[in-house]
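Structure, as structure tokens:
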Amino acid sequence: AQEITVGAANVSSYLDPGRDHSNVGSQFYYNVFDTLIDKNHDTLGADWQPALATEWKLVDPKTMELKLREGVTFQNGEAMTADDVVFSLNRMYQATFPPYVVRSRDRLSNFVKAEKIDDLTVRISVEKEEPLWETLLNLQQVMIIPEDYTKGLTGDPKVAEDDDFEAFSLAPVGTGPYRVAEFIPGERVVYERFDGFWGEKAPLAKATVQQIPETASRVTALKTGEADIITNIAPDQLAMIESDSNLRTVGSATPLFHVMIMNVNHPKLRDPRIRQAMSLAIDRDTLNEALWLGKAVVPDSHTYKEFGDLYMPELKTFEYNPEKAKELLKEAGYDGSEITFDTHPTYYTNGMLAAQAITEMWKEVGINGRVNIAEKWSGGSPDLMARNWSNPMYFADPFGSFGVMWAPNGPSEGEGRFNTDEDYAKIWERFRFSKNVEARKAAYAELMERIKQDPPVLPLYRPFESWAMRKDVVWAPKPGHIPYVLDFRAGSISFASN
Amino acid sequence: MTHSATVPAPSLPAAAYRLWRGADPIQKAAILIGLTLVSLAILAPLIAPFDPNSQSLIARLRPPLGFERAKAGFLLGTDELGRDVFSRSLYGLRLTLMLAGLGATLGLMIGGTLGLLAGIAGGRTEASIMAAVDTQIAVPFTLVALFLLAILGSSIEVIVLVLGLAGWEQYARIVRGEVKRLMNMPFIEAARAAGAGPLRIARHHLLPNIVSPLVVQFTLSLSNIVLLESTLSFLGLGVQPPTATLGSMVGIGRDYMPTAPWIVIAPAMMILLITFAVQILGDWLRDGADVRLRAR
Amino acid sequence: MTRSPLLSVENLSLNFGSFNAVRDLSFDIARGETLALVGESGSGKSATALALLRLIEREGGRIAGGRVVLHGTPALELSALSDRQMQAVRGNRVSMVFQEPMTALNPVMPLGEQVAEVLRLHQGLDAGTARLAARDALERVKIPEPERRLDQFPHELSGGLRQRVMIAMALACRPDLLIADEPTTALDVTTQAEILTLIRQLQDEIGMAVLFITHDMGVVAGIADRVVVLRRGDKVEEGPVADVFARPRAPYTQALMAATPKLGSGAPKPLHRTEPPVLSVDNLAVRFPVRRGLRPGAHLDYHAVAGVSLSIAPGETLGLVGESGCGKSTLARAVLRLVDPAGGRVALNGREITRLGASELRGIRKQAQMVFQDPFASLNPRLPVRDLITEPAQIQSRMSRAERQALAEELLHKVGLEPEAARRFPHQFSGGQRQRLCIARALSVRPALIVADEAVSALDVSVARQITDLMAKLQQDERVAFLFISHDIAVVERVSHRVAVMWSGQIVETGPTEAVLHNPQHPYTRRLLAAVPVPDPARRADRVPPRSALTAPGLLLPVGEAPARATMIEVAKGHFVAAVDPASSLLNGAPPQAPAGAAAQEREPADRRRLHPV
Amino acid sequence: MLSYALRTLTRMALTFFVIVTIVFFATRLSGNAVDFVVGEGITSEDRELLIAYYELDKPLFSQYLAFLRAFTDGQFGLSFIERRPVSQIVLERIWPSAQLLLSAVALTLLVSIPLGIAAAIWRKSWVGSAVMMVAFLGYAVPNFVLAIVMVLVFSYWLNWLPVVGNGTPLHFIMPTIAMAGVLIAALTRFTRNAMLDVLGQDFMRTARAKGLPEGRVIVKHGLRNAGITILSVIGLQVAGLAAAGSVVIEAIFAWPGIGDLLVNSALRRDYPVLQFGVLTVALAVIVINAAVDLAYAWADPRLRHTVQA
Ligand SMILES: Nc1ncnc2c1ncn2[C@@H]1O[C@H](COP(=O)(O)OP(=O)(O)OP(=O)(O)O)[C@@H](O)[C@H]1O
Ligand SMILES: Nc1ncnc2c1ncn2[C@@H]1O[C@H](COP(=O)(O)OP(=O)(O)OP(=O)(O)O)[C@@H](O)[C@H]1O
Ligand SMILES: [Mg+2]
Ligand SMILES: [Mg+2]
């Protein structure tokens, strides 16, 4: 029986795939929960796999019917039924619990309801014809949880109260290959193999994810054997680990952008030329070379390889052109007033360094920048000028990354630092719901052009995230996953037999 | 002790010279270190070969001169953004000394005044001041710092305020204790018999007598503040980058300790030297002041 | 010397660093003998004592030459023993009683343990036996309730009792030699007398030798067999006590004898009091709240001054005497409104000051000045003399620096100090000089009244003499009135026109100096006078050993109650004595009307100190 | 006794109340929980929803009253972020913190009292200077530098000691040392000074005159007196340490302690945790202080009786 310990920079404060969409949380769910439709994570493209649903088909353009897998049990011993599935889906589709409401609004708003047809059949209906059926059924947010267990956690066992969901986030139960044996928020998650798993048995008897916030301690823990895998290794630390013959590192340019967002409504930044200049002044390649040892990926547009057909490297939305930046500034009559760049002190790898480097680059073109460190999220503040943020690929579609944040009435607009108009909304509609990939691509290109002309955001790079482990641990982040997933399912981790 | 009739009220340089003569080698070393550090801080703009904030991203993390990969001109190497560690250390020293000096002074003024008030006034006033002291002791200081920085925003002024608040309760306790002790001394009664009012008593009779414990506390809080500032930097609450302080250089540079220790070594050594010098100087000053009391 | 020597000191030289504190000192002490070591302050007495026990090294000194031999079997050359070997001698064969009973005991260790420690160490007793032995040791020095004392701490005892514990500790192992370094200087006369008597009795009992260090010639006359006189580290005279007193040979000894005040050498004549008094005090009372126990409502009042009336005319000196803690200083402070009186009134130059506000009071301050009990403590150590002595004047009217300097020089000249002293700080003066600084300060505002609280008690006789002479001169020149507080009755006699005797917060006898001191009426006065040591070995025999048996009225009373007031009866012109109030226990002796010869019938030696709150 | 206890209790309660109030308002003034709790990128509509859900829409004063009421019914609410009772969260963290604190204090006492005594006795020789230099070092090195250097040396290179967590006694070694550093420096100095004061006292001479061996003189008579002074200092230091927590140390050693919890909940504006956490720590400090005061009063017979004339 193999056991491992993972030293993680962060451990979640709660475990509920429905309400969570943080980079920290996404590490944990895949081992414990299943979605109806799974994905082959070894490839970038959308290779859908049956999971809790064995087959699915559209019964009409707005309704999908899914056949459920037989003999699936939850980790608490209950059998999974159509009721559980309907409950799990509707907790998001018809959310009443506010944290779910928020999550469903930005990505699941097209979904109307799920209903049970028979014990092994459910139907899901949408409002508009949905081009992304599988993608949106593969979301972490619609992972399946047990109904009776959840409802029975607090209060009336027949009713799903808010408190039930609160309680669930501390004692999560799913159908996945591992059960959460111990969970101390912010400190430790212990997985144990769930023998009743419907699929291939988990390779590990036990896996502990222990929070070790300090980099030096994390690296040391790996070296002393207190941890077998550690997460979040900054590029600058890689050489040190690699110099040790007992250790190795793996890494990938994560499907996530570190971005700079700009407040289009700030009085000083209202002129798009100023924001364009802020963007053009940033030499992202140099940032990559210096801070990421060239291992990060600098995009020309808001696009990822993972998008498959919708990957559009040909778009040149963002570029480095200091001369043009200077010109634009002059045209816009920039008065040299201070432009602040907010950053959290530690949250993003190299975030502070990049912030300082960016203001230094601004200086080159005459922008008077200042780094402003704040723990708090300033994205909703009218005083925001610019700040760093990350824009993960929540699912492999432009909608799952750009779309989640820059939709009309979406969070960015909601926070008042981005404006859309009717025209934008129309393009958006086409991008979101066109059945035809080419139409969607065209619409997305239009959106990108809008962004280029009046930029609220600049994707800096796909950061290169690294994990380090003992030589004999065979594990690597799989290309098909959303960022940061610690996948310990069968086939994802093994041990070299040396 | 002989009652030498010839000891004059000392003039400042003369007193300094006498103190220097009375110092032992360690104390002399501390004095020299202190003076050197202060001069380096004052002359930083003249000495520093580079703008402390100018980056050279392509020359990040280069070791000090003499090591492989060192970059010419960068005496102590470069930091994680390719800035000159030597120049940053000098400017950091300058700012750190300023912060520590101002912070300790502020603490002294707040705590000293309140302590004096408590000791002289007694009763309700004393009780409420001491309650404030108790409160300050009971609330984790990092939180106080955090709140203040969050409420007032992070700027050098606020950080000075925060650092000043970090020690006021110590001053208040000490001053109050001393004042209460002194208030029972016959010479205070003598002053009252001479018709002195409370202000005069505080200024002429109490203050000169609490100087010496205050000096010690001042030196203690100077080093405390240097350390505290570095802790704040560790937590990301200190002086905002890119501005360098010794504390922030160490706090942020800690991640590079295994791979690029030179980023941390210079500022850490400076912190060490500052506190070292300050502590020894504190003892030395106190001993110097004590001579008068001890010599009967 | 017929008796065999117990301890020989041969050519002893002591150094502190390069300072040669004692030179070539030789003397012997025989078994059972009391040798007094006298000399001015700083002459090396304590250093010698410490050297005998080899404790001087700890104090930063060293034996630079000579030897100290403790005879016996075997004879020990103390000056050559190792510290470890000395440990067997200290506290066992030679023990020591130190000058300050207040600080010589460990404040956080129960007394029993401190005494038992010696016994366990040198006699190898176990804890239980040692405790019993410690109890016996306390009993031997006549400590009342010895059982209870074992578990008490030093601060719970009066100075006299503490000194007894010290003695008990020193005597616990029945040493061959007791070194007593000024064992009574900190105590008041009555207590001093008790301790001296005790040492003498114990010496008779155990037969030990005593090396007695003091600067009080009265004490020497009372206790010593032989005297060694030291001056600046040199022995200037040695001889049997009677010879030294009768025929002092060394000039220094002669000067010492001359300066020693003797009771009965005459007092200033009482003044004709025609002018209105400078100070008149009427029924003045001061109480201090005392919290006893932790319950609320358990407050008591300590009546430190319980109804005192007196008055002083311009140019007159009123001497105030009384044992330690009887309320003299409190009275003085109340007169100057440094404590607020609880009742009665004080008038200064006819103006009542009892109810003045703080600012009005400041205006009055220049008329009355005080010289505080402890001159060093009452001078701010951080201020230069110029600022110190001109402070009262400065407060009354702002002066420029130059004016202050001029005034300071004038004042210093008045008290006989160099003008240069204005720049110095208090610690750079000797005790006597400091006392004069205090007087200079009092004079800076031309006061009509000076309250001098124990202005000379801490000084050696010659310095004390200088100060009283200065005061007399001031009185002549400026008609200053003095309230002169002292427990040295001989000095009081020399300076006072009238005397008031205070006891337990009240004045029990007052009148012309001559009358009170030579025709004492009140039992307490008599007891006080009997305790004054007489610097004449010839009169040692006819001194009645003082007994303490007066029961003082309780001064610690529940809030609201007040001690009974004695009424004063005039026994002769201007001579008043507190009468016995049959209903009160104020006096437990003979009534004042009784013939002066009838000695107070005081019996059981109760613990005087129990009269006072702990 | 009763009234003394009552008075102490009232005073404690008052301080406590002040702290409660300050903490409550300071947390609210220093930033809106919404900005932290509900996450980033939220439409205004969602924001309103969550504000209502977390009951942050009530007027400040009624929130305050509700918070005060919590003291009577013992319901301090759920963490905004961890969604479990704050009492559980805080209590879970207190024990590890207390353990670390205790071991740091124990180490401090073990090291600095002998060192302080040595420095006092041999103050004129090189021993005294050497000791004081070591003590100064304790002041001079930021504790996280010390901690990281230890981690690198003893764990990374030598692989002698574990770094993560508080599982075994071995785990205590480095955090304890890192935490005790400043304390040792402070206490060594205090001990030295207190001892120097005592060494010059008359009763020490008396003890020697009794014939006691020097060691006994110093320990039995000297230390007993100096100990009282030291006690008063150590109480403050411990209280300070308990209050300041040791965020940094806890972060480096992944020690599940209260300091880390407090700072993190402050950073995330998790009011319920923060409030309850601060109050618990404050209470602990107040109690430690009171206990030390009592111990002090008990240890010093001069204070045992409050009766004085
Ligand atoms: N520890 C010391 N270091 C230096 N000099 C000292 C020390 N102790 C005493 N002396 C000096 O040695 C001399 C003798 O001092 P000693 O204490 O023996 O005087 P004394 O005769 O006992 O005086 P007193 O009557 O005032 O007690 C004095 O001049 C004193 O200043
Ligand atoms: N502030 C005070 N609070 C309580 N009791 C006091 C206070 N001041 C003095 N006493 C008490 O009042 C009594 C008289 O004290 P006072 O100082 O007047 O005595 P004294 O006659 O001057 O004695 P000594 O000769 O020792 O100077 C003493 O028992 C003292 O303990
Ligand atoms: Mg002496
Ligand atoms: Mg007095």
Side-chain angles (χ1 to χ4, degrees), chain A residues 5 7 12-14 16 19-22 97-99 101-103 105-106 162-163 165-170 184-188 210-214 216-221 223-227 240 345 374-381 389-391 404-405 409-416, chain D residues 30-32 34-36 38-54 78-84 88-89 92-93 144 147-149 151-152 154-165 167 171 248 250-254 256 260-261 264-270:
Chain A
T5 301
S12 288
S13 306
Y14 58 84
D16 178 352
R19 71 197 292 184
D20 198 351
H21 78 159
S22 67
F97 179 51
V101 175
V102 175
R103 271 302 71 83
R105 222 167 347 218
D106 60 18
D162 290 353
D163 282 352
F165 295 121
E166 296 287 13
F168 182 83
S169 67
L170 292 171
I184 304 177
E187 210 178 305
R188 186 159 59 236
Q210 166 72 43
Q211 172 161 327
I212 310 177
E214 194 62 19
S217 311
R218 219 155 51 236
V219 174
T220 305
K223 181 119 192 231
T224 59
E226 289 170 83
M240 174 172 133
E375 302 278 342
K376 80 170 184 187
W377 170 242
S378 55
S381 153
W389 200 14
S390 76
N391 190 171
V404 169
M405 289 179 177
N409 298 320
S412 292
E413 185 163 29
E415 289 191 326
Chain D
S30 68
N32 194 332
V34 183
D35 292 336
F36 298 87
V38 305
E40 307 161 2
I42 284 262
T43 65
S44 44
E45 197 183 344
D46 290 345
R47 194 182 158 91
E48 294 308 315
L49 187 70
L50 290 172
I51 288 179
Y53 179 66
Y54 289 110
L78 296 185
S79 154
F80 284 163
I81 294 178
E82 291 187 12
R83 309 315 299 156
R84 46 188 190 136
Q88 187 191 344
I89 297 176
E92 198 172 87
R93 295 290 192 119
F144 60 86
I148 293 179
V149 168
V151 165
L152 290 178
F154 295 108
S155 300
Y156 190 82
W157 284 313
L158 299 175
N159 203 351
W160 287 351
L161 295 172
V163 243
V164 180
H171 282 99
V248 170
E250 287 170 9
I252 290 175
F253 296 100
D260 185 56
L261 176 74
N264 275 323
S265 52
L267 291 178
R268 301 187 298 194
R269 300 302 184 283
D270 193 347

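Everything numeric here is computed off the predicted structure, so don't read it as measured data. Below, read A as the first sequence line, B as the second, and so on, with proteins coming before strands; counting in each chain starts at 1. Note that these values count all heavy atoms, side chains included, but never hydrogens, waters or copies made by symmetry.
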- Item | Step-by-step side chain to side chain contact (heavy atoms under 4.5 Å, CB included) determination, A:Asp162 to D:Tyr53 | CA-CA 10 Å; A:Asp162 290 353; D:Tyr53 179 66; 3.4 Å; yes
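- Note that the CG atom of A:Leu170 and the CG atom of D:Leu78 stand 8.5 Å from one another [nearest 0.5 Å].
- Between A:Ser217 and D:Val163 the shortest heavy-atom distance is O-CG2, 4.1 Å.
- At a 4.5 Å heavy-atom cutoff, A:Asp16 makes no contact with chain D through either its backbone or its side chain.
- In this structure, chain D has a heavy atom under 4.5 Å from the side chain of A:Arg19, while its backbone stays farther away.
- Annotation for D:Leu50 and A:Pro98: closest pair CD2-CB, 3.9 Å, computed over non-hydrogen atoms.
- Counting only heavy atoms from C-beta outward, the side chains of A:Arg105 and D:Leu49 approach each other to under 4.5 Å.
- The shortest heavy-atom contact between D:Leu161 and A:Glu226 is O-OE2, 4.5 Å.
- Taking every heavy atom of both residues into account, D:Tyr156 and A:Thr220 meet most closely at N-CG2, 3.5 Å.
- Proximity to chain D (any heavy atom under 4.5 Å) is shown, for A:Glu166, by both the backbone and the side chain.
- Contact tally against chain D (heavy-atom pairs below 4.5 Å) for A:Glu413, A:Glu214, A:Lys223: the top residue is A:Lys223.
- Both the backbone and the side chain of A:Thr224 come within contact range of chain D, each with at least one heavy atom under 4.5 Å from a heavy atom of that chain.
- Taking CG of D:Asp46 as the start and CZ of A:Arg103 as the end, the distance is 8.0 Å to the nearest 0.5 Å.
- Of the listed residues (A:Val219, A:Asp163, A:Ile212), the greatest number of heavy-atom pairs within a distance under 4.5 Å of chain D belongs to A:Ile212.
- Using a 4.5 Å cut-off between heavy atoms, D:Ile148 contacts chain A through its side chain alone, with no backbone atom that close.
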